[in-house]
2 protein chains.
Amino acid sequence: MSGLSDLRLTTQRQAVLNAVQHSVNHPDAAEVYEHVRASLPRVSLGTVYRALDALVEAGFLLRIETSGPARYDGNVEPAHHHLTCARCGAVVDIPVTRAERQVIDEARKARPELRVSGVRLDFRGLCPVCRDAEERG
Amino acid sequence: MSGLSDLRLTTQRQAVLNAVQHSVNHPDAAEVYEHVRASLPRVSLGTVYRALDALVEAGFLLRIETSGPARYDGNVEPAHHHLTCARCGAVVDIPVTRAERQVIDEARKARPELRVSGVRLDFRGLCPVCRDAEERG
DNA sequence: GTGAATGCAAAAGCTTTGCAACCTA
DNA sequence: TAGGTTGCAAAGCTTTTGCATTCAC
């Protein structure tokens with residue numbers, strides 16, 4: 001498995017891709033597994049992990065590292081980043097495009113030898129649920 | 001454990017802090033354990049994990065999530081970020097300060113409700129070792 | 001002296017993998 | 001039909017935890 005071309009679109013992989021893309025938040029493997037099980041009761045967790053790997057490798061999904069289980073993102077647009085909730089750890093998408101370019105320029109100037117090719121922005125803040133909770137006390 | 005004040009400075013914690021701060025790269029728990037064992041042969045891996053947690057919690061260390069084991073950073077300056085090597089996965093420090101402010105401003109404008117309080121930048125590029133290797137072919 | 005920290009070992013949590021059966025191109 | 005893919009189960013790796021003992025304040 002090493003690119004878009006040689007990816008077999010099996011029933012299981014389509015179900016996994018669909019589960020991530022139609023998820024409101026960014027699901028982890030266990031959540032994807034539960035969702036896929038609804039339509040494919042005999043699917044295994046191992047298959048879900050292998051499908052997620054294959055889909056990330058092929059560029060259909062993004063993998064987000066956290067302090068717990070990895071989460072997956074069906075939105076692979078380059079100029080889209082993440083905010084981690086300081087209260088509950090949820091991951092929310094956040095669009096930032098203009099300033100991204102300047103960050104990369106500054107990094108290239110600061111450390112030209114590092115051959116900076118891109119940047120991922122991880123914001124800290126509050127997800128809507130926790131913001132509401134905070135505002136009430 | 002919830003702040004600087006109530007952190008007991010035990011021999012083990014000092015050794016763990018010292019190991020991370022004097023490491024060239026960003027060590028994981030196993031590497032810290034090996035280093036600490038040189039001066040404290042009876043230390044346990046569990047203690048290293050608990051010390052790392054306590055030191056992160058108290059603000060002496062930064063924890064970096066990766067696709068493998070978590071890595072720790074003795075440099076806690078706010079305006080210092082990381083570059084992950086696209087070839088070998090090493091994590092290198094990179095100083096970016098000016099553009100960071102603009103990124104936060106843009107994010108606050110794009111999604112005011114998320115109460116953005118900070119940002120962590122994760123650059124993609126090549127560490128010095130891999131850059132040299134690439135340049136040779 | 002007292003509560004927190006440690007060492008040890010066992011367990012938990014997440015992810016990967018070996019293998020035989022199965023399916024897709 | 002040939003090789004990749006799946007289901008199942010076992011193993012692997014990282015991290016956490018229970019408990020008796022020890023230590024720092």
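Every heavy atom of this structure was used, including side-chain atoms; hydrogens, water molecules and symmetry mates were not. Chain A is the first sequence line, chain B the second, and so forth, proteins listed ahead of strands; every chain is numbered from 1. Values in this document were obtained by computation on a predicted structure and should not be read as measured data.
Separating the CG atom of B:L52 from the C1' atom of D:dT17 is a distance of 16 Å, rounded to the nearest angstrom. Distance CD (B:E65) to P (C:dG13): 18 Å, rounded to an integer number of Å. Between A:L7 atom CG and C:dA25 atom C1' there is a gap of 13 Å when expressed in whole angstrom units. Separating the CG atom of A:L55 from the P atom of D:dG4 is a distance of 18 Å, rounded to the nearest angstrom. Between the P atom of D:dC13 and the CG atom of B:D28 lies a distance of 13 Å, rounded to the nearest Å. One can place CD of A:E57 at 17 Å from P of C:dT15, the figure rounded to the nearest angstrom.
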Return a table of donor-acceptor pairs under 3.5 angstrom between the side chains of residues 83-93 of chain B and protein atoms on other chains or two or more places apart.
residue, atom, partner, partner atom, Å
B:R87, NE, B:E134, OE2, 2.8
B:D93, OD1, B:H26, NE2, 2.9
B:D93, OD1, B:H80, NE2, 3.2
B:D93, OD1, B:H82, NE2, 3.4

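The side-chain contact (heavy atoms from CB on, under 4.5 Å) check on A:R50 picks up A:T47, with sequence neighbours excluded. In this view, B:D28 satisfies the side-chain hydrogen bond (donor to acceptor under 3.5 Å, both in side chains) rule with no residue, not counting sequence neighbours.
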Sugar-phosphate atoms are those with a prime plus P, OP1 and OP2; base atoms are the rest. Using that split, label each nucleotide of nucleotides 17-24 of chain C B, S or - for protein heavy atoms under 4.0 Å, 5' to 3'.
-> BB-----B
Side chain to side chain contact (heavy atoms under 4.5 Å, CB included) between B:L62 and B:V56, worked out = CA-CA 6 Å; B:L62 241 45; B:V56 168; over 6 Å; no
Give the C-alpha distance, both sets of side-chain angles, the deciding distance and a yes or no for side chain to side chain contact (heavy atoms under 4.5 Å, CB included) between B:E106 and A:E100.
-> CA-CA 10 Å; B:E106 192 189 334; A:E100 182 183 324; over 6 Å; no
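Using modelled atom types, one side-chain atom of A:R108 and one backbone atom of A:V116 make a donor-acceptor pair closer than 3.5 Å. Side chain of B:R13 to backbone of B:R8: a donor-acceptor contact under 3.5 angstrom is found. For the pair B:R120 (side chain) and A:D122 (backbone), a donor-acceptor distance under 3.5 Å is absent. A donor-acceptor pair under 3.5 Å is absent between the side-chain atoms of B:R71 and the main chain of B:T66, judged by distance alone.
Using a 4.0 Å cut-off between a side-chain N of Lys or Arg and a carboxylate O of Asp or Glu, B:D105 and B:R101 qualify as a salt bridge.
Contact annotation: B:Q12 does not reach the phosphate of D:dA24 (side-chain N/O to OP1 or OP2, under 4.0 Å).
If you take CD1 on B:I104 and CZ on A:R124, they are separated by 12.5 Å, rounding to the nearest 0.5 Å.
Contacts of B:A70 with the nucleic acid, taken as non-hydrogen atoms under 4.0 Å apart, involve only primed sugar atoms and P, OP1 or OP2.
Looking at residues 31-45 of chain B, you'll see B:L45 sit with a heavy atom under 4.0 Å from some atom of DNA chain D.
Distance from the side chain of A:R13 is smallest for D:dT6 among the nucleotides D:dT15, D:dT6, C:dG7.
Relative to the axis of its first five pairs, the axis of the last five pairs of the helix from C:dG1-D:dC25 to C:dA25-D:dT1 sits at 50°, rounded to 10 degrees.
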